[in-house]
Protein chains: 2
Amino acid sequence: MSATHTDVRLREDLLPCGSPAHEDCGLHLSLDRLGERWSVMALAQLSAGPCRYRELERSLPGISQRMLTLTLRRLERDGHVLRHVEASIPPSVTYELSDLGRSFATQVARLVEWSRARKAEIEAAQARFDAHADR
Amino acid sequence: MSATHTDVRLREDLLPCGSPAHEDCGLHLSLDRLGERWSVMALAQLSAGPCRYRELERSLPGISQRMLTLTLRRLERDGHVLRHVEASIPPSVTYELSDLGRSFATQVARLVEWSRARKAEIEAAQARFDAHADR
DNA sequence: CGGCATCCGCTAGGATACTG
DNA sequence: CAGTATCCTAGCGGATGCCG
């Protein structure tokens, strides 16, 4: 096969939903991150300050190494996260929010705040809907 | 088979990502809608005012009837959208935002606004990342 | 017109094993 | 410690067809 070497797969994984329809509507870019399972939580954790790979892994219960790496790489690609490598033994890699990332995290936090405030209202609506639909 | 009757499948489809990890972090509910392909665009369209099923379909180029229905049902379930049925022939169904939905749409619009403002910055970061990673 | 039912492909993401 | 590679599956979402 023509595959040159290793990281081809990873590079493909980095580009998830290139949904052209979103572009049409003016949506795009890092908004896609919101649809991912771990991005928002990683952002939240990093908002508290720089964090090493292992710390992040522990702070996101249930995340796999694969997804942690993928999530961080995508955030890094979007310019939200900075990656610092300390080439010691064992190695130490620290992640932190960039200015752009902090700005983004702030916006996202607002939305989370909103959903928390409306939580009861939404759950009530869901319960009503389900009650009427069932049976 | 034991299948009683029709809409069982749809009811299952209505409940997508019950990601428990999101709950852990305080995230939940309608935030999940942001990860869906059409929800934000439907919300945007409905922000302009009430809209019939067919109009929505036309305003969201490329959407399938299945996804339009599913998207609207989930937004309705969350209490964001109200559904009015006019039992005429042919029937007429109109969708519109509730107060909750308008509030939600406003929040989302803010985020979209942010991403639009930062678009160039993000694309530059992506280009830099890709240039360094490739080759 | 406004849907539902079905089949089906793709990919996000989990589990596991291995490296520098 | 901080990843990468591989395998595998659940389910999101598209295409199509039918119905009141």
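Residue numbers begin at 1 in each chain, while the letters A, B, ... track the order of the sequences.
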| Does anything in residues 42-68 of chain B pair up under ring-ring contact (aromatic ring centres under 6.0 Å, His included), and if so which pairs, sequence neighbours excluded? | none
| task | Calculate the interatomic distance between B:R33 atom CZ and D:dG13 atom C1'; express it in whole Å. | result | 14 Å
Show the distances under 3.5 angstrom between N or O atoms of the protein and N or O atoms of nucleotides 14-16 of chain C.
residue: C:dG14; atom: OP1; partner: A:R37; partner atom: NH1; Å: 2.6
residue: C:dG14; atom: OP2; partner: A:W38; partner atom: NE1; Å: 3.2
residue: C:dG14; atom: O6; partner: A:R66; partner atom: NE; Å: 3.2

| Phosphate OP1/OP2 of D:dA2 contacted by A:R52 side-chain N/O (<4.0 Å) | yes
| task | Give the rounded distance in Å between these two atoms: CG of B:L56 and C1' of C:dG3. | result | 14 Å
| said: Can you measure A:L70 atom CG to D:dA5 atom C1' for me and round it to whole angstrom units? | reply: 13 Å
| remark: DNA chain C nearest-nucleotide lookup for A:G35 and A:P91: closer to the 5′ end is A:G35
| said: Please report the distance, rounded to the nearest Å, between CG in B:L72 and P in C:dG3. | reply: 8 Å
| ring-ring contact (aromatic ring centres under 6.0 Å, His included): which pairs involve residues 62-113 of chain A, sequence neighbours left out? | A:H80-A:F104, A:F104-B:W114
| message | Rounding to an integer number of Å, can you tell me how far A:E76 CD sits from D:dG3 C1'? | response | 13 Å
| For A:T106, all residues meeting side chain to side chain contact (heavy atoms under 4.5 Å, CB included), sequence neighbours excluded | A:R110
| Results of side-chain hydrogen bond (donor to acceptor under 3.5 Å, both in side chains) for A:Q65 - residues two or more places apart only | none
| said: It should be established whether B:Y53 places a side-chain nitrogen or oxygen under 4.0 Å from OP1 or OP2 of nucleotide C:dC4. | reply: no
| query | Contact class for A:S88 (heavy atom, under 4.0 Å): base, sugar-phosphate, or nothing? | reply | nothing
| Rounding to a whole Å, what distance do you find between A:Y95:OH and D:dC1:P? | 14 Å
| request: Would you sort out whether B:R58 and B:E55 count as a salt bridge (Lys or Arg N to Asp or Glu O under 4.0 Å), showing the intermediate values? | output: CA-CA 5 Å; B:R58 271 188 286 265; B:E55 293 182 89; over 6 Å; no
| So which pairs with a foot in residues 89-98 of chain B pass salt bridge (charged side-chain N to carboxylate O under 4.0 Å, His left out), sequence neighbours left out? | none
| OP1 or OP2 of D:dC1 less than 4.0 angstrom from a side-chain nitrogen or oxygen of A:R54, does that happen here? | yes
| request: Can you tell me the distance, in whole Å, between the CZ atom of B:R83 and the C1' atom of C:dG2? | output: 8 Å
| field | Spatial distance of atom CD1 (A:I122) from atom CZ (A:R116) [nearest 0.5 Å] | value | 12.5 Å
| request: Starting from P on D:dC1, measure out to CD on A:E57 and report it in whole angstrom. | output: 9 Å
| request: Look at the side-chain N and O atoms of A:R73 and state whether any lies under 4.0 Å from the OP1 or OP2 oxygen of D:dG3. | output: yes
